[in-house]
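Structure record follows, encoded as structure tokens.
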Amino acid sequence: MRRLLTLSCGLLFLAACAPVPAQPQAAPRPAAVAPADPSFRAAFAPEGVAWVTGGRACVARAPSYRAVCPGLPPAVDVGWNGGDAWAAIPGLGAVITLDRAAQTVAVGRVVALSSTRAYREDGTAVTYAGAAARGVIGAPAAALTGGDGQDYVLLGGQLLRVGDGVVLERGSGPYLQRTPTGAKSADVPGTVSDFGSYRLVNGELQRLDAAGGVVGRVPHGPGRIGLVGGDVVTVSPQGQVRVFGLDLRER
């Protein structure tokens, strides 16, 4: 019996060391859903990635992805507009660029940024030029410009399309994910491309096929994820930027 038990344990050890199967695997829903950290947000654009953690806003532009973190008052969110990375600074009632030409636009106490507008505490919104824009009623927990060019927000546990006020999801997850045709909520950070979707979950960066099967994975800690051109880019709360190909080969 002891000999059989030893052999069984040895086989289990070899199985654990075997390569990940090439066949897609089912992608189960995470067992526990942790709320999004409101002090850590990121925004992705063809130009690079911007993020804020603990009030400190930074930007890293492709292809070098060298981080620039200007000395600004505490920020609450970041966004990309017109090739510039912006930070929302409630204490100044303004949005401010993080690099390149210095720009400051008075917008009031902003709580969330998309690629087209800044959302204030009461849900009213303005563009990056300071012009009034359509908003929502109440402070969004997050905002995102989707793949269709429209804005989406998480508000009161629901996913709303700002343009017409339609509620797309009730009981939404705490994260917004950009999709080619719009946006969706999710339980974990992720993004969706024409070639599949990517997410950070259970200590891994995973690639999923159209059916939701896991077709690739690499070890990865907590962070945020998005697409920068043909790169899959992640950033950690500590500001570490990692760059992967669509096949999850790290560059």
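A quick note: this is a predicted structure, and the numbers were derived from the prediction, not measured.
With sequence neighbours excluded, the residues that form a side chain to side chain donor-acceptor pair (under 3.5 Å) with E121 are R109. Residues passing the side chain to side chain donor-acceptor pair (under 3.5 Å) test with R100 are D84, sequence neighbours excluded. With sequence neighbours left out, D164 forms a side chain to side chain donor-acceptor pair (under 3.5 Å) with R161. Not a single side chain to side chain contact (heavy atoms under 4.5 Å, CB included) links P74 to another residue, sequence neighbours left out. Residues satisfying the side chain to side chain contact (heavy atoms under 4.5 Å, CB included) test with A139, not counting sequence neighbours, are V111. Annotation: side chain to side chain contact (heavy atoms under 4.5 Å, CB included) contacts of T104 (sequence neighbours excluded): A94, I96. For L155, the side chain to side chain contact (heavy atoms under 4.5 Å, CB included) partners two or more places apart in sequence, or in a different chain, are V136, V153, L160.
D77 places no side-chain N or O within donor-acceptor distance of the main-chain N or O of A88, the cut-off being under 3.5 Å. In this structure, the side chain of D231 does not engage the main chain of V233 through any donor-acceptor pair within 3.5 Å. Distance alone, capped at 3.5 Å, places no donor-acceptor pair between the R199 side chain and the D187 backbone. In this structure, S185 contributes its side chain and G173 its backbone to a donor-acceptor pair below 3.5 Å. A donor-acceptor contact shorter than 3.5 Å links the side chain of T97 to the backbone of Q103.
In this structure, OG1 on T234 lies 7.0 Å from CD on Q240, to the nearest 0.5 angstrom. Of the inter-residue distances, the one linking W51 atom CH2 with S236 atom OG reads 8.5 Å to the nearest 0.5 angstrom. For the atom pair CZ (R117) and OG1 (T127), the distance works out to 9.0 Å, reported to the nearest 0.5 Å.
Among all heavy-atom pairs drawn from P73 and L92, the shortest one is CG-CD1, 3.8 Å. Residues S114 and D151 share a closest heavy-atom pair of OG-OD2, 2.6 Å. For the residue pair P189 and G223, the shortest heavy atom distance occurs at CG-O, 3.4 Å. Considering every non-hydrogen atom in both A143 and A112, the closest pair reads CB-CB, 4.0 Å. Annotation for G83 and E47: closest pair CA-OE2, 3.7 Å, computed over non-hydrogen atoms. Here the closest heavy-atom approach between residue V78 and residue A43 is recorded as O-CB, 3.7 Å.
The existence of a salt bridge linking R242 and E250 is confirmed by a sub-4.0 Å separation between a basic side-chain nitrogen and an acidic carboxylate oxygen. At a threshold of 4.0 Å, the pair D122-R120 does not count as salt-bridged, since none of the basic side-chain nitrogens sits closer than that to a carboxylate oxygen.
Between the side chains of Q206 and E204, a donor-acceptor pair is found at a separation under 3.5 Å. Between the side chains of N81 and S115, no donor N or O sits under 3.5 Å from an acceptor N or O.
Among residue pairs with one or both ends in residues 52-63, those qualifying as side-chain hydrogen bond (donor to acceptor under 3.5 Å, both in side chains) are R61-D99; sequence neighbours excluded. The list of disulfide bond (SG atoms under 2.5 Å apart) pairs with a residue in residues 104-223, not counting sequence neighbours, is empty. Note on residues 79-134: pairs passing ring-ring contact (aromatic ring centres under 6.0 Å, His included), not counting sequence neighbours, are W86-Y128.
Cluster partners of I225, by chain and number: F195, Y198, L200, L205, V218, L227, V232, F244, L246, L248. The rule joins Ile, Leu, Val, Met, Phe, Trp and Tyr whenever side-chain heavy atoms lie under 4.5 Å apart. Cluster partners of L176, by chain and number: L144, Y152, L154, L159, V166, L168. The rule joins Ile, Leu, Val, Met, Phe, Trp and Tyr whenever side-chain heavy atoms lie under 4.5 Å apart.
No side-chain heavy atom of R224 sits under 4.5 Å from any side-chain heavy atom of V49. When side chains are defined from C-beta on, L98 does not count as touching C58, because their heavy atoms never get closer than 4.5 Å.
In the hydrophobic clustering of this structure, L72 does not group with V95; members are Ile, Leu, Val, Met, Phe, Trp, Tyr whose side-chain heavy atoms approach within less than 4.5 Å, directly or through other members.
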